2 protein chains.
Amino acid sequence: MARLVSERSDAVIALAEVFRTHGFEGTSLSVITAQTRMGKGSLYHFFPGGKEEMAEAVLQEISRWFAEKVFRPLREDPDADAAIAKMFREVDSYFHSGRRVCLVGAFALGQECARFEQQVRGYFSTWVEDLEACLIRAGHSEDRARDLSEEAVGGIQGALVLARSLNQPEVFERSLQRLKQRLTYE
Amino acid sequence: MARLVSERSDAVIALAEVFRTHGFEGTSLSVITAQTRMGKGSLYHFFPGGKEEMAEAVLQEISRWFAEKVFRPLREDPDADAAIAKMFREVDSYFHSGRRVCLVGAFALGQECARFEQQVRGYFSTWVEDLEACLIRAGHSEDRARDLSEEAVGGIQGALVLARSLNQPEVFERSLQRLKQRLTYE
DNA sequence: CATCAATTGTACCAAACAGTACATAGTGTA
DNA sequence: TACACTATGTACTGTTTGGTACAATTGATG
């Protein structure tokens, strides 16, 4: 049913884009109200803890999304190669082929890394560990699986940095191709 | 000679560490005065343009450092392999073995990427291009050199993100090792 | 249509913000 | 020591910040 009033989940989606665009410190309440078209009344109704609670909700939503679309297949799909292929597909689409930034990665580079320590560490450690387990199932040795999985997760983050700084999304696409090939055929 | 008063170059060094720690938006003037022990008088004397001019000076100093220590050897050293080895040595030491963040990389992920567009793009494009040229001199094909150089520069940035988010500097060290080996022996 | 909780706009607050003005203090040179 | 100039501390500005209070509005339910 169509509603004129918002729900918390709508707010989280909108907030995610605001934080991705402006970073945590750069996201003032006036930026939020302008970009989400929500007033302070609504925002503090849904997030009594203010900006910090908003960012926490966004991080939780990101974790939920990756857990469902990426991490669970890596852990559970009996076809390990298919899970890895799906990971690259989902990552490419999630990051808009290199045009969108990883909020967790951006947080990792700033003070937000301390402020949202568990969420940031949880996101990356789960990713690395689940991918590692998947690579072992795919037949790689334990050492090789750890190396490849760190290389892939780090490589994706670095590719986002590079693609954005050069304003060349194709750098991201090429990186994904290389990583996918390395994980699949070696 | 020992001076009680500061010079602009002292300020730039101190400011670099402040911006690296707090990011651009997170660096308020009160943070700067606290961490650099310089008053507003001095700061606006050296940087009449305020925070933006301070960040610009820091970016310029970073570019200067990399140009001298990393990019020039990549372009000019007749021994290409030695230049690449030096790059990894300097990078490892500059980023304190994964404990220090790349300010330019952090800027690349936020609005600062637009605000300091030329400096951010210049840093990464020079790095990629000079490394690419060096790899061609080392005997790689043009396509292979471009791939390897994007992979290395991106890989370093991603390794910084991952090492910091996991609070495991050794992740950075391992990544450097892998990248170095790939650039040198393949 | 009456009710009531969920949602929202508006006015407001103290603190922190970036930046300015300027008198004072420190420094190299003559 | 006297000078010119650079560097600095301090007090001040208007603006924006994150956050609160609360009355008005909305929408689902009986």
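Residue numbers start from 1 in every chain, and the chains themselves are labelled A, B, ... in the order their sequence lines are given, proteins ahead of strands. All values derive from a computational prediction rather than experimental measurement.
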Among the nucleotides [options], which one has an atom lying closest to any side-chain atom of [X]?
| X | options | answer |
| --- | --- | --- |
| B:Lys40 | C:dG19, D:dG19, C:dC17 | C:dG19 |
| A:Ser28 | D:dT8, C:dT8, D:dG18 | D:dG18 |
| A:Phe46 | D:dG19, D:dA7, C:dT7 | C:dT7 |
| B:Tyr44 | C:dG9, C:dA11, C:dT20 | C:dT20 |
| B:Leu29 | D:dT17, C:dG19, D:dT8 | C:dG19 |

Nearest whole Å is fine: how far is [N] [atom2] from [X] [atom1]?
| X | N | atom1 | atom2 | result |
| --- | --- | --- | --- | --- |
| B:Arg37 | D:dT8 | CZ | C1' | 16 Å |
| B:Phe47 | D:dT8 | CZ | C1' | 15 Å |
| B:Lys51 | C:dA18 | NZ | P | 5 Å |
| A:His22 | D:dG18 | NE2 | C1' | 17 Å |
| A:Asp10 | C:dT7 | CG | P | 10 Å |
| B:Glu25 | D:dG18 | CD | P | 11 Å |
| B:Ile32 | C:dG19 | CD1 | C1' | 12 Å |
| A:Glu52 | D:dT17 | CD | P | 18 Å |

OP1 or OP2 of D:dA7 versus the side-chain N and O atoms of B:His45: is any pair under 4.0 Å? yes

Quick one: is D:dT17 close enough that its OP1 or OP2 comes under 4.0 Å of any side-chain N or O from A:Ser30? yes

Aromatic plane relationship, A:Phe66 with A:Trp127 - under 30° parallel, 30 to 60° tilted, over 60° perpendicular: tilted

Salt bridge B:Glu142-B:Arg146, side-chain N to carboxylate O under 4.0 Å: no

Quick one: label B:Thr27 by what it contacts on the DNA or RNA (base, sugar-phosphate, nothing), any heavy atom closer than 4.0 Å. sugar-phosphate

Enclosure of B:Gln118 CD (heavy-atom neighbours >12, cutoff 6.0 Å): no

What I'd like to find out is whether the side chain of A:Arg115 reaches to under 4.5 Å of the side chain of A:Glu56, using heavy atoms alone. no

Do A:Tyr94 and A:Lys69 come close enough that some side-chain heavy atom pair is under 4.5 Å? no

